[in-house]
Protein chains: 2
Amino acid sequence: MPSIRRAETFPANTPAASQIFTTVLCHGPLTRLEAARRAGLSPAAVTKAVRPLIEAGYLVEDVDEPARPALGRPANPVRVDGGRALFIGVKVTGDEIIGVLTDLCCRIRVARHAPLPHRAPKAVLASVAELVGELLATAGDADVPVLGLGIAVSGDVDRGEGVVRYSPFLEWRDVPLAELAAQTTGLPVTVDNDVRALTVAEQWFGAGVGLSDFAVVTVGAGIGCGLVVHGRVVAGAHGVAGEIGHVTVDPAGPPCHCGNRGCVEAIAGDAAIRRRIRETTGVEVADTAQAVALAHDGAAGAREAYARAGEAIGRGIATVANLLGPERVIISGEGLAAHDLFAEQIRDAFAAAAFGSAAQCDVQTRPLPFEEWARGAAATAIQSFIRADDQR
Amino acid sequence: MPSIRRAETFPANTPAASQIFTTVLCHGPLTRLEAARRAGLSPAAVTKAVRPLIEAGYLVEDVDEPARPALGRPANPVRVDGGRALFIGVKVTGDEIIGVLTDLCCRIRVARHAPLPHRAPKAVLASVAELVGELLATAGDADVPVLGLGIAVSGDVDRGEGVVRYSPFLEWRDVPLAELAAQTTGLPVTVDNDVRALTVAEQWFGAGVGLSDFAVVTVGAGIGCGLVVHGRVVAGAHGVAGEIGHVTVDPAGPPCHCGNRGCVEAIAGDAAIRRRIRETTGVEVADTAQAVALAHDGAAGAREAYARAGEAIGRGIATVANLLGPERVIISGEGLAAHDLFAEQIRDAFAAAAFGSAAQCDVQTRPLPFEEWARGAAATAIQSFIRADDQR
DNA sequence: AGCCCTTATTTTCCGCCGTCAATAAAAGAA
DNA sequence: TTCTTTTATTGACGGCGGAAAATAAGGGCT
């Protein structure tokens, strides 16, 4: 039973204000001068924008003076007070839901997960509501308000409308999830595709901070990709983008559930790796952990399966780099647990297939904890709260 | 000997003004109300922005009333007066240069081409200057000023700086072409990558008008791709993007000059098609026209070579569509002369390899005359003249 | 201690852009 | 004619952000 809470709104009316807030949020404590420089505004504008934000408690002046530059008036940096507001992010997978409670800086306070008994919208909604309730309870003691809920779902999601157009995993079509969840929880709700949500988190709080063009590649059951171009997350004209998983790497490769052969996912997806191990070693591997263990034990077939996967991923990334010329590619996802088994192949395949200066692209691997997906959802909620229609 | 001409500048100081001008330029005659709606501004703003533009002669009120809607005050559409200013676009290839004189609406008035005897920057500059001189002469009679020169070069070009970073074709490195050409011709010069220039032309004056996400794929000696995402042409963090030609289609395919195997270009580039025909039919084809003729005569090997090419292109386009989810893909380039030989294969391969809603992407073929590349260069000059830092 | 120098921040003032609301204009309809 | 309807224009207004000047806050020097 959600309390009818008066939604607090962010006190930044002008574009400059939200831009400055975002700048400070992403780039840590910043002096007003520095913030002005980064946002391309005058120092005066920063002073004016910052004051109401400090009064509302969203920004605070940093008290501890760091290394002072010796000369001139000491700078007085401001930073976002993460403790000013809380947000909840929920990631819905096929068989469980993961939720996190984060602060305004998207630092995780509490993480919970719960099984998902049924996949029908109603049942999922109930599970989400319960998990959100639990998280709200942990937040309830303090007088810090929870100001938004983000939900990440795989598939075709229209964030603007808050509708899940099509999710193969959940077998949903045109579910107005944002509206439903808002009614159930009483919170402002943002719904987005899971990979895009993770990309938002990287863009604002991770390895993509400050970059206007980068890609996030997720490795796990599926292979996904989130793209940031011109400082904005790419959504695609038809709601879907970044389908790196179904980029063909080898037309003579193994069949993929999408109907083609040799997709990245058909070689480097969890299931594909397990099947390959079974084919080459005869060992029936039940889950990914077992497959990794087998490879770590030195089983040649298992190692080869991971090597192939790494090569496929590297080629896929090279394709992205060739087409978009991003500044950086961040490889992440549960699959990175096996990181040491294919990192080298990824690098080699990328270097070989990247054309010209695309090879300058910085390819990073970034193992991520399981709550990271939910954190991505929280990041979208924070983004919606700040309502920064501006880029960067 | 360039006359010292006082560079006329565009009388649109405010962002709104240039945005409105661009809207009218791209969308033909528009009533003020309609222009306001499209640009997201108030009608009052349009009236104010339009007046100085009419006074300066860039806009005119359309005299001929079209189908009137019967009721209310008749609308008074405005359109861009193409004859108000002229621009020159030059495309530099390895062995010739092509130049066009266009009006402000990028309609071609005169097209010329000239052989390129030497590839050294100095020699190219001289050739360009001569061609520009010829075009200026044809324009000279009238009192219509030529307000800009665009130069399109293949390779890594930094448009902002006006520098050709690296052009393998011309064997140039870090040539400050814009500055040099400006000195030689006395015109404001814009230098850009050739495929990007063509993309700009499509975005403003072609099949990309009004779309915020689309791709242009060029088929010819090489296979190129220009991308528009979020309403802006993608340049890539390292100056290069859209390298669809070196996307791998078949790792077991023919070797490519880039060092890999089975790149789109290694299968569907002009040279690759000719080689394939030679291999399968034994006939030594000297040029593309001959290859096309052979295929049209029904030679099975030649037809097969084109079919393979079509399949490779279709797969490449599907890769773009899967990654970016564009609204439309425009296939163009000299290679489209053989359009009937592989259009079907492109379509089929695209449909097979496009994943999910990426298949909704509208794939168009658009045969383009040889001067089109130069027209793209002119489009960049027009764009620079209007100095629209805004998108769309 | 007082003064100067440097750098950060704030204040004040100002221009200018775009919206709002009212008004004019140009038909056809009554 | 007069009203209605739709488009264009005008003028007042508010607000945003910039420029420049003033102020603040040290530290070093004499």
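When reading the values below, keep in mind they use all heavy atoms of this one structure, side chains included, and skip hydrogens, waters and symmetry mates. Per chain, numbering begins at 1; letters A, B, ... match sequence-line order.
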In chain order, what residues pass the side chain to side chain contact (heavy atoms under 4.5 Å, CB included) check against A:P52, with sequence neighbours excluded?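 Applying side chain to side chain contact (heavy atoms under 4.5 Å, CB included) to A:P52 gives none.
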
Quick one: side-chain hydrogen bond (donor to acceptor under 3.5 Å, both in side chains) partners of B:R366, sequence neighbours excluded?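 Result, side-chain hydrogen bond (donor to acceptor under 3.5 Å, both in side chains) vs B:R366: B:E202.
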
Under the side-chain hydrogen bond (donor to acceptor under 3.5 Å, both in side chains) test, which residues partner B:E327, sequence neighbours left out? none

Under the rule for salt bridge (Lys or Arg N to Asp or Glu O under 4.0 Å), what residues qualify as partners of [X], not counting sequence neighbours?
X	value
B:R51	none
B:D103	B:R107
B:E61	B:R32
A:R165	A:D158, A:D174

B:F10: partners by ring-ring contact (aromatic ring centres under 6.0 Å, His included), with sequence neighbours left out: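 So B:F10 forms a ring-ring contact (aromatic ring centres under 6.0 Å, His included) with B:F21, B:Y58, B:F385.
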
Take atom [atom1] of [X] and atom [atom2] of [N], then tell me their distance rounded to the nearest Å.
X	N	atom1	atom2	value
B:E61	C:dA25	CD	P	15 Å
A:L41	D:dG18	CG	C1'	10 Å
B:L71	C:dG28	CG	C1'	6 Å
B:N76	D:dT6	CG	C1'	13 Å
B:I54	D:dA8	CD1	P	11 Å

In residues 28-37 of chain A, which residues come under 4.0 Å of DNA chain C by heavy atom? A:T31, A:R32, A:L33

Nearest 0.5 Å please: distance from the CZ atom of B:F87 over to the CD1 atom of B:I108.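 If we round to the nearest 0.5 Å, B:F87:CZ and B:I108:CD1 are 14.5 Å apart.
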
Between B:P43 and A:A45, just flag the one whose closest nucleotide in DNA chain D comes earlier from the 5' side. B:P43

Contacts of B:T47 and A:N13 projected onto DNA chain D by closest heavy atom; the upstream (5') one is B:T47

Polar atoms only, N or O, under 3.5 Å: list the protein pairs with nucleotides 19-24 of chain D and their distances.
{"unit_1": "D:dA24", "atom_1": "N3", "unit_2": "A:R73", "atom_2": "NH1", "d": "3.4"}

Please classify the nucleic acid contact of A:T14 as base, sugar-phosphate, or nothing, using heavy-atom distances under 4.0 Å. sugar-phosphate

OP1 or OP2 of C:dT9 under 4.0 Å from side-chain N/O of A:R51: no

Any salt bridge (Lys or Arg N to Asp or Glu O under 4.0 Å) involving residues 375-384 of chain A? Give me the pairs, sequence neighbours left out, ordered by first then second residue.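 Qualifying pairs: A:E372-A:R375.
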
The nucleotide from C:dT11, D:dA8, C:dG18 with an atom nearest the side chain of B:A75 is D:dA8

Out of D:dT9, D:dG17, D:dA25, which nucleotide sits closest to the side chain of A:P74? D:dA25

Do B:R196 and B:Q203 pair up side chain to side chain, a donor and an acceptor below 3.5 Å, judged on atom types alone?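 Result is no, nothing qualifies.
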
So how far off straight is the helix from C:dA1-D:dT30 to C:dA30-D:dT1, going by the axes through five pairs at either end, to 10°?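 Roughly 30° between the end axes, to the nearest 10°.
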
